[in-house]
Peer 1: 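Here it is, the structure in full.
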Amino acid sequence: KVKQASIMNFFQKK
Amino acid sequence: MFEARLVQGNLLKKVLESLKDLLTEASWDCADTGIQLQAMDNSHVSLVSVQLRADGFDKFRCDRQLSMGMNLTSMSKILRCAANDDIITIKAQDQADNVTFVFESPNQEKVADYEMKLMNLDQEHLGIPETDYAAVIKLPAAEFQRIIKDLSQFGESVVISCTKEGVKFSAAGDIGVGNIKLAQTASVDKEEEAVTIEMQEPVTLTFACRYLNMFTKATCLAPQVTLSMSPEVPLVVEYKIGDMGHVRYYLAPKIED
């Protein structure tokens with residue numbers, strides 16, 4: 001089963 | 001005072017067309033180097049980054065940095081009032097609460113101006129790390145749009161797999177399975193029809209069709225699109241905006257639960 005990741009898992013808040 | 005004049009006003013019309021389905025509001029950050037926008041969609045699955053360099057405008061003045069929060073649906077409505085060959089100027093005073101768009105016909109016989117309220121948006125900016133991607137694929141933008149449209153009929157996801165043989169797009173669902181393979185073109189008459197693949201290592205990732213379809217709204221901007229992929233990181237889908245900048249979409253992959 002695949003799950004949609006959030007873009008915030010990859011890029012950090014500035 | 002901020003003022004940016006673009007003779008090729010249709011580029012700005014196209015940029016808005018490529019954003020408005022994904023974003024409802026966003027801030028345009030203006031500096032003397034140009035205009036930038038960075039925003040996530042409401043679900044925080046994708047991120048859009050737009051760059052318009054100052055030297056790409058026919059006139060560009062930005063006395064002090066300003067961030068113009070806009071409702072993109074409204075901005076898009078206004079830009080649809082500009083003809084494709086109109087010259088577009090964007091103007092705002094320092095610390096203004098509105099922005100003015102001026103559309104001039106090429107012969108200067110018709111001039112229209114539209115004023116729009118600015119919004120106070122408290123937007124988060126994300127740092128995008130410099131990445132050496134495992135695979136960089138360039139292909140005709142219309143071809144990519146067609147592939148995503150065709151495979152979206154089969155399921156919610158598209159698997160993009162890049163090997164030294166080429167790139168494969170696959171989708172599976174209730175009606176069956178679809179696979180589209182593209183090999184690197186051996187020779188082409190026109191550079192914009194080429195498929196080129198630079199690959200360091202094979203990579204396979206799964207992405208949501210819904211977002212890929214929204215990204216292909218930028219097909220009108222450029223003849224070619226660039227897809228950059230590495231294992232377990234977001235896909236980058238890039239369209240050039242003439243020679244003045246780019247629209248980049250970052251899409252988080254679907255991962256094994």
Side-chain angles (χ1 to χ4, degrees), chain A, chain B residues 22-23 27 29 36 38-49 67 122-131 133 155-160 170-173 204-212 214-215 228-237 248-257:
Chain A
K1 180 99 176 123
V2 290
K3 190 179 147 203
Q4 177 64 61
S6 164
I7 197 79
M8 294 177 86
N9 297 353
F10 303 94
F11 301 150
Q12 302 299 314
K13 278 184 205 172
K14 267 190 191 171
Chain B
L22 202 59
L23 306 172
S27 288
D29 298 318
Q36 284 188 302
Q38 193 206 79
M40 285 184 281
D41 70 274
N42 278 338
S43 309
H44 294 185
V45 168
S46 67
L47 178 111
V48 190
S49 163
S67 183
D122 194 16
Q123 285 200 321
E124 292 167 342
H125 278 63
L126 300 181
I128 302 164
E130 282 286 318
T131 307
Y133 286 94
E156 290 176 359
S157 305
V158 169
V159 179
I160 308 178
S170 310
T204 297
L205 290 167
T206 303
F207 300 103
C209 292
R210 198 170 98 76
Y211 289 90
L212 294 172
M214 287 195 274
F215 301 168
S228 303
M229 299 202 298
S230 277
E232 291 170 22
V233 301
L235 164 76
V236 191
V237 180
R248 276 186 201 144
Y249 302 95
Y250 296 84
L251 178 59
K254 290 190 171 188
I255 47 178
E256 293 289 331
D257 199 9

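All values reported here derive from a predicted model rather than from experimental measurement.
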Peer 1: Could you grab the distance from atom CD of B:Gln38 to atom NZ of A:Lys14, nearest 0.5 Å is fine?
Peer 2: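 Here the rounded value is 6.0 Å.
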Peer 1: Heavy-atom distance under 4.5 Å to chain A: side chain of B:Glu124, backbone, both or neither?
Peer 2: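 Interface part for B:Glu124: side chain.
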Peer 1: Minimum heavy-atom separation for A:Phe11 to B:Gly127, with atom names?
Peer 2: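 Here A:Phe11 and B:Gly127 meet closest at CB-O, 3.5 Å.
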Peer 1: Under a 4.5 Å heavy-atom cutoff, which of B:Asp41, B:Thr206, B:Ile128 has the most pairs with chain A?
Peer 2: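 Heavy-atom pair counts peak at B:Ile128.
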Peer 1: Taking all non-hydrogen atoms of both residues, which atom of A:Ser6 and which atom of B:Ala252 are closest, and how far apart?
Peer 2: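 Distance-wise, the nearest heavy atoms are C-CB, 3.8 Å.
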Peer 1: When you compare the side chain of B:Leu126 with that of A:Gln12, does any pair of heavy atoms fall below 4.5 Å?
Peer 2: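 No; the side chains remain at least 4.5 Å from each other.
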